[in-house]
Amino acid sequence: MRTLTGRDAAIVLLERLEQVYPEAECALNYRNPWQLLVATMLSAQCTDVRVNLVTPSLFERFPSPEAMADADLVEVEALIRSTGFFRNKAKNLISCAAILSTEHDGEVPADLEQLVALPGVGRKTANVVLGNAFGIPGMVVDTHVKRLAGRFGWTRAEDPVKIEKDLQQLLPEERWTRTGHTLIAHGRALCKAPTPVCSACPIADGCPRRGVTCSK
DNA sequence: ATCCCGAGGG
DNA sequence: CCCTCTGGAT
């Protein structure tokens, strides 16, 4: 048996984590790309459970970008209020919808650069939409993925875009979407900032940072 | 108090 | 690089 390369070791670790978190997936409720885009924009600093509480009435009232484009700001604010950052989110949703209806034929583009160009849509949101609504590999780098990738020695970068590139090079693209979900699940459950619960971690024996308390 | 699968602006 | 935006859950 040959020595594991860094890439193979990473995949071994990932597959172990996938067994620990087999249900790790997008917990937002949506029926189409538009709904997932909206839900993901709302999910910033908010639990998915809470997002799922407000989206049914929001989607009923504004089933398409065209409908949302003409929405009253105050009404949208009221509907999404409990998700936090509601003024920014409402403003972004409406201008986003306006751009989709005027410049994208009312469709959510299945393209990273076009998604990121929308107001309130960053790379994290764009990759969630690509990976989950379009089945296009999307390497989500949020706070958990950033922290875990660093701890696992998968990247030395601090910049999320560089981390995204490093992970894309390390992992085959068919793993990108699920890897985001798996790392986020593990980051929330055990591999926390600043003190990971290594004593309870099922992959501690394969982790270069096991037992090391760190601030990132 | 601290955290929740961020993004934009200065 | 920093700051701000925000309510709800634990």
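Atom set for the values below is all heavy atoms of this structure, side chains included, hydrogens, waters and symmetry mates excluded. In what follows, chains carry the letters A, B, and so on, assigned in the order in which the sequence lines appear, proteins first and then strands, with residues in each chain numbered from 1.
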*For the atom pair OG1 (A/Thr179) and CG (A/Leu148), what is the distance rounded to the nearest 0.5 Å?*
11.5 Å
*Step-by-step side chain to side chain contact (heavy atoms under 4.5 Å, CB included) determination, A/Asp166 to A/Trp154*: CA-CA 7 Å; A/Asp166 284 346; A/Trp154 293 353; over 6 Å; no
Are the side chains of [X] and [Y] in touch, meaning some heavy atoms are under 4.5 Å apart?
X        : Y        : result
A/Ser82  : A/Arg50  : yes
A/Val128 : A/Thr125 : no
A/Ser95  : A/Leu118 : no
A/Ile184 : A/His144 : yes

_Need one value for A/Val49: base, sugar-phosphate or nothing, where a base atom within 4.0 Å counts as base even if backbone is also close, heavy atoms only._
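Nothing, no nucleic acid heavy atom in range.
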_Any base atoms under 4.0 Å from A/Thr143, or only sugar-phosphate, or nothing? Heavy atoms, all strands._
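The residue A/Thr143 makes sugar-phosphate contact but no base contact.
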*Taking OP1 and OP2 of B/dA7, is either one under 4.0 Å from a side-chain nitrogen or oxygen of A/Thr125?*
yes
_Let me spell it out: for each of A/Leu118 and A/Lys124, pick the nucleotide of DNA chain B with the closest heavy atom. Which residue's pick is nearer the 5' end?_
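Closest to the 5' end, via its nearest nucleotide, is A/Lys124.
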*Mapping A/Val121 and A/Gly187 onto DNA chain B by nearest heavy atom, which one lands closer to the 5' end?*
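Here A/Gly187 is the residue nearer the 5' end.
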*Give me the residues of residues 85-93 of chain A where at least one heavy atom lies under 4.0 Å from an atom of DNA chain C, by number, or none.*
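Those residues whose heavy atoms fall under 4.0 Å from DNA chain C, taken from residues 85-93 of chain A in numerical order, are A/Phe85, A/Phe86, A/Arg87, A/Asn88.
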*Where along residues 126-137 of chain A does a heavy atom come under 4.0 Å from DNA chain C, residue by residue in number order?*
none
*Expressed in whole Å, how much space separates the P atoms belonging to B/dG10 and C/dT6?*
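Each nucleotide's P atom is 15 Å from the other's.
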*asked:* Going by side-chain contact (heavy atoms from CB on, under 4.5 Å), name the residues that satisfy it together with A/Ala126, two or more places apart in sequence or in a different chain.
replied: A/Leu112, A/Leu115, A/Val116, A/Val121
_I'd like to know whether A/Gln19 forms a side chain to side chain contact (heavy atoms under 4.5 Å, CB included) with A/Ile203, so could you lay out the CA-CA distance, the side-chain angles of the two residues, the decisive distance to 0.1 Å, and finally the verdict._
CA-CA 11 Å; A/Gln19 292 189 356; A/Ile203 61 156; over 6 Å; no
*Residue pairs fulfilling ring pair (Phe, Tyr, Trp, His ring centres under 6.0 Å) with at least one residue in residues 13-36 of chain A, sequence neighbours excluded*: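 Sorted pair list: A/Tyr21-A/His186.
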*How far apart are the closest heavy atoms of A/Pro137 and A/Thr177, and which atoms are they?*
CA-OG1, 3.9 Å
*Taking all atoms of both residues into account, what is the closest heavy-atom pair of A/Pro196 and A/Arg151, and its distance?*
CB-NH1, 3.5 Å
_Outermost nucleotides of DNA chain C that come under 4.0 Å of a non-hydrogen atom of chain A_ = C/dC5 to C/dA9
_SB check A/Arg178 A/Glu15 (cutoff 4.0 Å)_ = no
_Hydrophobic cluster membership, with links at side-chain heavy-atom distances under 4.5 Å among I/L/V/M/F/W/Y: are A/Phe59 and A/Leu73 in one?_
yes
*Which residues, if any, of residues 71-82 of chain A bring a heavy atom under 4.0 Å of DNA chain B?*
none
*Starting from C1' on B/dG6, measure out to NZ on A/Lys146 and report it in whole angstrom.*
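So the two atoms are 12 Å apart, to the nearest Å.
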*Figure out the NE2/C1' separation between A/His144 and B/dT2, and round it to whole Å.*
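Rounding to the nearest Å, NE2 of A/His144 and C1' of B/dT2 are 13 Å apart.
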